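Given the structure is predicted, the values throughout are model-derived calculations rather than measurements. We're numbering straight along the sequence, starting at 1.
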Amino acid sequence: MMMTTSSAPPKAMVPLLQTRWRRPHRTRKKASSRPATEHRPLCRPISLARRAMTRSSAARARLQRRPRARRRSQPPRRAPRHPPTSSLEMTRTTFLVERPSVCWQVSRSHKVFPPSKNLSSVEKKVMRQRNKKEDEEPTSQLLVEQENKKRWRNWWIRGALTIVMLSAFAMLVAMGQVALTFVIIVLQLKCFHEIIRIGHVQYKEKDLPWFRTINWLFVLTANYFFYGEGLTHFYKSYLDPDTVHYLVRYHRFISFMLYLGGFCTFVLNLKKDHYKFQFRQFAWTHLACLIIVSQSHMIIRNMYYGLVWLILPATIIVCNDCMAYIFGFFFGRTPLIKISPKKTWEGFIGAFFSTLVWAVVFGIFISQYDYFTCPVENFTFFPDTPTCIRNPLFEWTSYPIPPGFSSMLHAVGVTRTSVTLLPLANHALVLAVFGSLIAPFGGFFASGLKRAYNIKDFDDLIPGHGGVMDRFDCFLFMGTFTYLYYNAFLWRHDLNNLLLVALSLDVPEQQELYQSLQASLAARDALP
């Protein structure tokens, strides 16, 4: 039997050929249970995309003209066109570039996020680590980790300028309270300027009228309110009695009228589309006045109780700052707080003990001189050494040892029943503890403020140190604590305050007060 040749395959092979060469049937998936608000994937795996394009001849032609897929050795594809708007989006966008075959979903706010079902466990772990790193605050290099050349250059710059500033402070102390008062007010205004200028860039962009004028009007009003009544009795000998009476009697009313002037000017200058910015600056100005003006007023009041209450807290802050820098420079390895990355535990602990020693030694030294311990009497430049009755606070005092400790001392052969101490040294220890543990939080607060506005320093007035606010952030807290501590535990009735109140009375009231005092003194046979 002759076999007929035919191009058709045998009937038994037809099903096999059809099964082998026919395109696999793709079953339609059931309707997704995803909510309507969730968007479908914008991209598909490369293999599925190619397969979809081969369904028509036109698609096949486009596929032939299209360049072949990139190899792994080639650089990754570009990121999506929409810019990332947060650190998390940047992380996920980077991950999309590295693995473009993963389907990514885009929400209505154009935030990119990967579907967890398309990521492996390793990819999820990498993404979590990246998100954690980017969410953390950026850390700066510790001093010991910096290059030696840069470290020592900053060391000499900061050291030289510290010596210059301490010399200038010593000269001001020699010039007296008048010069110190003037310099403190000038530094206070400079600190206010450094804080307010943070919003100056937006002020220029928004073209707001009277913006800075209103700020300065508020700060001048705050200065008049705090200093007008508090320091009038110190300078009453240089003013006309009628002027003193007028200023004291109507001081608070004048202060409120000045504040109303600034308040009304602010309301009249509100500009459409900038209300939120203007009210934010209004609150910012009041906060700056509260932090700076009120605390500088307390520092000046401390000085008029005696220069020791200005010099001792100031040197405590300087010692703590310098020793923290020195210990951190040589031994700092452990970061102290994230908001101020260059602070270390080694510097913090070393500065604490160094400040305690300095407070006691310097307190004993400064208590020997009447120039530092006597209250203010002569308001002139380079005043003579005042004479006053020595306050027991500055005299060595014998304190009895408690019986329990006395018996323990007798057991070891010590027969002392009392110990001689300087009361000022005890109070200096309290100030040193506050200056070492609590006052640095003023610097941390300033660091957080600078980090919030993405600036390194408030100003570049002092090379290596920054601005005035960068140097006086801790001292403001220290001055406030000293003022409150003195008035709570060490203050005695001040005759100047009583005379100030008496001068503010009317003439009939003053005559009545005089007759009452005369009768009281005559009853006790104390008339001169």
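- Asn215 places no side-chain N or O within donor-acceptor distance of the main-chain N or O of Thr285, the cut-off being under 3.5 Å.
- Checked against the 6.0 Å centroid criterion, the rings of Phe256 and Phe225 do not qualify as a close aromatic pair.
- With no hydrogens or angles considered, no side-chain donor-acceptor pair links Tyr399 and Thr420 at under 3.5 Å.
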Chi angles and distances behind the side chain to side chain donor-acceptor pair (under 3.5 Å) call for Lys343, Ser340: CA-CA 6 Å; Lys343 300 291 192 303; Ser340 187; 3.2 Å; yes

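- Classified by interplanar angle (parallel below 30°, tilted 30° to 60°, perpendicular above 60°), the ring pair Trp155/Phe330 is perpendicular.
- His286 and Tyr259 have their aromatic ring centers within a separation under 6.0 angstrom.
- Aromatic rings of Trp358 and Phe365 (six-membered ring for Trp) have centroids beyond the 6.0 Å cut-off, not under it.
- Heavy atoms from other residues, nucleotides or ligands lying under 6.0 Å from OH of Tyr224 number more than 12.
- Judged by distance alone, the side chains of Gln278 and Asn269 never bring a donor and an acceptor atom under 3.5 Å apart.
- At a threshold of 4.5 Å between non-hydrogen side-chain atoms, the residues Ile455 and Leu449 do not count as touching.
- By the ring pair (Phe, Tyr, Trp, His ring centres under 6.0 Å) test, Phe279 is found to be paired with Phe266, residues two or more places apart in sequence or in another chain being considered.
- Taking the six-membered ring for Trp and thresholds of 30 and 60 degrees, Tyr305 and Tyr486 have nearly parallel ring planes, at less than 30 degrees apart.
- The aromatic rings of Phe327 and Phe331 sit tilted relative to each other, their planes meeting at an angle between 30° and 60°.
- Using cut-offs of 30° and 60° for the angle between ring planes, the Phe475 and Phe472 rings count as perpendicular.
- A donor-acceptor pair shorter than 3.5 Å cannot be found between the side chains of Asn302 and Thr482.
- Ring pair Tyr485/Phe489 is tilted by interplanar angle, where 30° to 60° counts as tilted.
- Gln295 contributes a side-chain N or O that, together with a main-chain N or O of Ile291, makes up a donor-acceptor pair within less than 3.5 Å.
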